[in-house]
Protein chains: 2
Amino acid sequence: MRRFALVLNTRSDTYAAMARTTGSHSEITGPRIREAALRLFAKHGYAAVSMRQIAREVGVQVGALYNYTPDKQALLFSLLQGHMDELLAAWEAEPRGADPLARLESFVRFHIRFNLARPEAIFISYMELRNLEPAPFAAIESLRKTYEQELEAILAQGRDAGVFQLDEPRITAFALIAMLTGVNTWYRADGRLSEPEVASLYWDMTRRAVGA
Amino acid sequence: MRRFALVLNTRSDTYAAMARTTGSHSEITGPRIREAALRLFAKHGYAAVSMRQIAREVGVQVGALYNYTPDKQALLFSLLQGHMDELLAAWEAEPRGADPLARLESFVRFHIRFNLARPEAIFISYMELRNLEPAPFAAIESLRKTYEQELEAILAQGRDAGVFQLDEPRITAFALIAMLTGVNTWYRADGRLSEPEVASLYWDMTRRAVGA
DNA sequence: GTCTATAGAATGATAGAC
DNA sequence: GTCTATCATTCTATAGAC
């Protein structure tokens, strides 16, 4: 275990870093803890995963984890927050058409592509919110609401422009996001359909559902 | 606690039952354990709930639980299996139209009504499958697949009859079930829309999504 | 920054009395 | 059928050495 971590660490070792004590390789440990926690939380659930399990995956002793997080729940919160920040930033950076129909198609394809690229983060974002205290819970919920409102705004604009036939932009947004997120439960990269093909199928359903 | 349980028990007490020792009221304890476990698993997650917590909710000591389940996981499995059996039986008993369009509407309204009536069971059915061993997991998955195939069959029939415009009945079924199940994440009984109104909104979206 | 060692509490499950 | 008491294990988190 130790050997593996040291090998990885040589990527960015400076002379100063190499003068550290044997067990010191913090530059790589932090991200590896996050990756291991994400994977284990997604597979077994937050409550079912022990700090010892995470440490074992990373190849350190349990005490070392507490150099990177004050406690277990802060680690979960950090993962969820990082994921939501990444989601919102990626959508902001996504090229999108001017009219509501093109924007809706951009949203559908972006959502499926983004979600399929990080199934573990998506999974814990939907499953482990209940393990947060009220304040951290509210913070994540706020970010999620921001994302939902992006879709709601597109739907409202399309309705006002007479392009979409729908009465309830908010509820339609909930329905569409649930439908699109569901791809993660069945899609397999080695399956019959490619990701773009799946996205096109869902875009067809979405376009019809909003009456475009 | 004890008093409450005894009061409930008097409903069906026979002379023989009343001759039992003080702590004996099994006729009511079993269901109460299941109800408490369902509620607690849904709220906190299977792994986060202890047998002691369940016992406290029911008003018995932890040892008494093991008269009703060999272990904690068997209790979870029993809840999941009971829920899936109930779902399939309820759908079998549901009146449904002869043509695919009427059958699809029946399915949509049934699914929303059934799910909103038991949010806790729905929640753990989607969240706690990963806490089952491979064999129990496969058993529940098989029941779920049976239900999905009911919808898939309706979609395939409608497509073959030229009523629905869709290429992939299986994927369309996945998409629709995910969309419909999503109602549980936002619906509140004291909200602006009644359950039938919500069902009608989702039926509109469903009908359009399948090109009917 | 990581290690070893441990405090202090909680867990699932069982044994035996009533 | 339920209770009390307990075993053996596991857990989160911390203290102090290096």
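Order of the sequence lines fixes the chain letters, A, B, ..., with proteins taken first and strands second; residue numbering starts at 1 for each chain.
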Could you work out which one of C:dA13, C:dT2, D:dA13 sits closest to the side chain of B:Asp71?
C:dA13
Kindly indicate whether a cation-pi arrangement holds for A:Lys72 with A:Tyr66, taking the cut-offs as under 6.0 Å to the six-membered ring centre and within 45° of the axis.
no
Go through C:dT2, D:dA13, C:dA13 for me and flag the one nearest to the B:Lys72 side chain.
C:dA13
Could you tell me how the ring of A:Trp91 sits relative to the ring of A:Phe110: parallel (under 30°), tilted (30 to 60°) or perpendicular (over 60°)?
tilted
Separation of atom CD in B:Gln61 from atom C1' in D:dT4, rounded to whole Å:
8 Å
From the options D:dA13, C:dA13, D:dC3, select the nucleotide whose nearest atom is closest to the side chain of B:Val62.
C:dA13
Looking at B:Glu35, B:Arg39, B:Arg52, B:Arg32, which one forms a side chain to side chain contact (heavy atoms under 4.5 Å, CB included) with B:Glu57?
B:Arg39
Atom CD of B:Gln73 to atom P of C:dG12: distance rounded to whole Å?
13 Å
Atom-pair distance (CZ on B:Arg56; C1' on D:dT2), nearest Å:
18 Å
Can the ring centres of A:Phe107 and A:Tyr147 be said to be less than 6.0 Å apart?
yes
Rounded off to whole Å, could you give me the CD1-to-C1' distance for the B:Ile54 and C:dG12 pair?
11 Å
Map A:Gly63 and A:Gln53 onto DNA chain D by nearest heavy atom, then report which one ends up closer to the 5' terminus.
A:Gln53
Atom-to-atom span, CE of A:Met51 to C1' of C:dT2 - whole angstrom
15 Å
To the nearest Å, how far apart are A:His44 NE2 and D:dC11 P?
12 Å
Which nucleotide sits closest to the side chain of B:Asn67: D:dC11, D:dA13, D:dT2?
D:dT2
Is any side-chain heavy atom of A:Leu143 closer than 4.5 Å to a side-chain heavy atom of A:Asp85?
yes
Would you say A:Ser50 places a side-chain N or O within less than 4.0 Å of OP1 or OP2 belonging to D:dC11?
yes
Using whole Å, report how far CG of B:Asn131 lies from P of C:dG12.
12 Å
Between D:dA13 (P) and A:Leu65 (CG): distance, integer Å
10 Å
Please determine, for the side chain of B:Tyr68, which listed nucleotide (D:dT6, D:dT2, D:dA13) has the closest atom?
D:dT2
Check the phosphate of C:dG1 against A:Thr29, side-chain N and O only, distance under 4.0 Å to OP1 or OP2. Yes or no?
no
